[in-house]
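Encoded as structure tokens, the structure appears first; notes follow it.
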Amino acid sequence: MKVKHYWASILLLLIGLLITYALVQYSTTRALNRANQTVAVDIELYGGYLTAETQRALTLLNTLESFFSVSEVDHHTFELVGADALANYKHLQSLFWVPKVVASERALYEGVAKKLYPGYEFKTRNDKGVLITEQLRDYYYPIYYQSSRNNRAGLGLNLADGLLGRELDRIRDQGPGTFSVDIKPIFGDPQYDAEDAKNYLMVMMPVYAGAPTTVSAYQEAFRGFLIGAIRIDSLIFDYLNYERYQQLEITVSDITSPERTVYIALNEPEKGSRLLEEYGARIETVIAGGRRWLIEGVPTAKYLGLVATGQGKYIAFIGMMITLALSFYIYFLRARAEHVEEEVKARTRELSFVNRKLEHLTRTDALTQLANRRYFDEYLEKEWFRGRRDKTVLSLIICDVDYFKKYNDNYGHIAGDKCLQQIAIALKGAFSRSVDMVARYGGEEFAVILPGTVVDEAGVIARAAKAIAELQIEHSQSGVSDYVTMSFGACVVRPSDEVNVVDFIKHADEALYQAKSDGRNCGRVINLNSSDNETV
Ligand SMILES: Nc1nc2c(ncn2[C@@H]2O[C@H](COP(=O)(O)OP(=O)(O)OP(=O)(O)O)[C@@H](O)[C@H]2O)c(=O)[nH]1
């Protein structure tokens, strides 16, 4: 794996992770907002439930009130009706019958009740809250009958005293259909029954005989109060039995009276749950009977888990998968491109090598490995123009093996080839400057281009002849030596507009012809710039 394959994939991976993170954040924020709304909706629904449930209690008491307005309220009937009401409405803790008893009737009422409840008498509460015998009063509102789930301690208690007595008088004087709802402990003895000490929703309803229409008629027809004690805890907690509500801290308070908030109930989630105040919601609801309740809900982290859709997790998972898949895909694409690139480079190298080889072949004479005639022509032209531009001298030597026909005839053509190869090596050695070019001019003829050199017989040509002589290639048929020799014809020129390259070659040829004519194994030079006699 090459590092350069990585960068695009890593970049994509980072961008992908960044986008996934942003989407998860967005989705989480949305989910939390939704959770906040869900808390609000749950609290709203809860308020609706409390209103409906208290309305049921009110309806029940209304029905009883209608019943007792047409029937005598005796002990037996009350017991039957009360038992039925308790069975039908589970939040009803007690049902009381409270008649109005004037002072003169007290003994009569107490006497009748004593037969049912031994020790019955009208009572009141002393400073310490203990029930004691009631003193003489103008009238009493005693608890006369009571149907209850388990507490009976309030029997005989006179409710006509104090604020409660005034409230009862008030609703009595308002006629049928009125009622009062308050939050109080049951009228029993708290020391007798702990249940009595709790707050109850007290619904107090006056009962009249018939349907009176004036205040005096109300007082005339008044039979007593029907009082229902509704269990607030059962009302409140019954509904909260769902998993989700158990993860809400719900506080219910009665705020009907601006100066007195009554904390009714607190639903606490299991211990150790973290409460998230920021997602809390609160509503005010008006329950039956006109009481205003404030309901506040604060969810736990678990609650948010229950209402969350888990969308964030899916987004994170899918985002990671897409990012990884794309990163790998890009990585493989890049790795493949890299591979193809390498392949192309290798092929290009191969091709340029072959091209160089081809070029070498097209410029090289196969037998001697010297430059061939074609390349010689190209190079000479180039050097000609360079010489003309730079005003430098240029020399050309054309040399030819002496009596080579005879050599061939005597030693054979293969030996002739070998001889030419040895001569090529010797000439290359004699003219080894990088700018010098030794070429095979044709057949047994060679040519040497010498830029910047003034060729002379005694110097340059003698050096070349010496190199050939040193080869000591036997040539018994030569007319000038026992060994192979060469004749040299050279031309020296300073290229200019007055002379051309063709004439330059022609002059070198003429010089060679001259050398041949002069007996071979020698060299002749035609210097077209006779003033030049040294290397330039
Ligand atoms: N072995 C061999 N011989 C070649 C080659 N090219 C040319 N020759 C021979 O070179 C000989 C040239 O002979 P001529 O042109 O008559 O000249 P010469 O015999 O060298 O006589 P002078 O040049 O007058 O000294 C011919 O016999 C060609 O066949 C080659 O590549 N190999």
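All ligand and atom numbering here is 1-based and tracks the order in the structure.
Side-chain polar atoms of Y303 and D42 form a donor-acceptor pair below 3.5 angstrom.
At a 4.0 Å heavy-atom cut-off, the residues surrounding ligand 1 are D400, V401, D402, Y403, F404, K405, N408, H413, G416, D417, L420, R440, G443, E444, K516, R520, listed by chain and number.
For E474, the side-chain contact (heavy atoms from CB on, under 4.5 Å) test picks out Y411, with sequence neighbours left out. For F504, the ring pair (Phe, Tyr, Trp, His ring centres under 6.0 Å) partners at least two apart in sequence or on another chain are W384.
Screening residues 260-277 for salt bridge (charged side-chain N to carboxylate O under 4.0 Å, His left out), with sequence neighbours left out, gives E270-K302.
A cation-pi arrangement is present between R520 and Y403 under the rule of less than 6.0 angstrom and at most 45 degrees off the ring axis.
With Y441 as the fixed residue, the ring pair (Phe, Tyr, Trp, His ring centres under 6.0 Å) test singles out one of Y375, F376, F446: F376.
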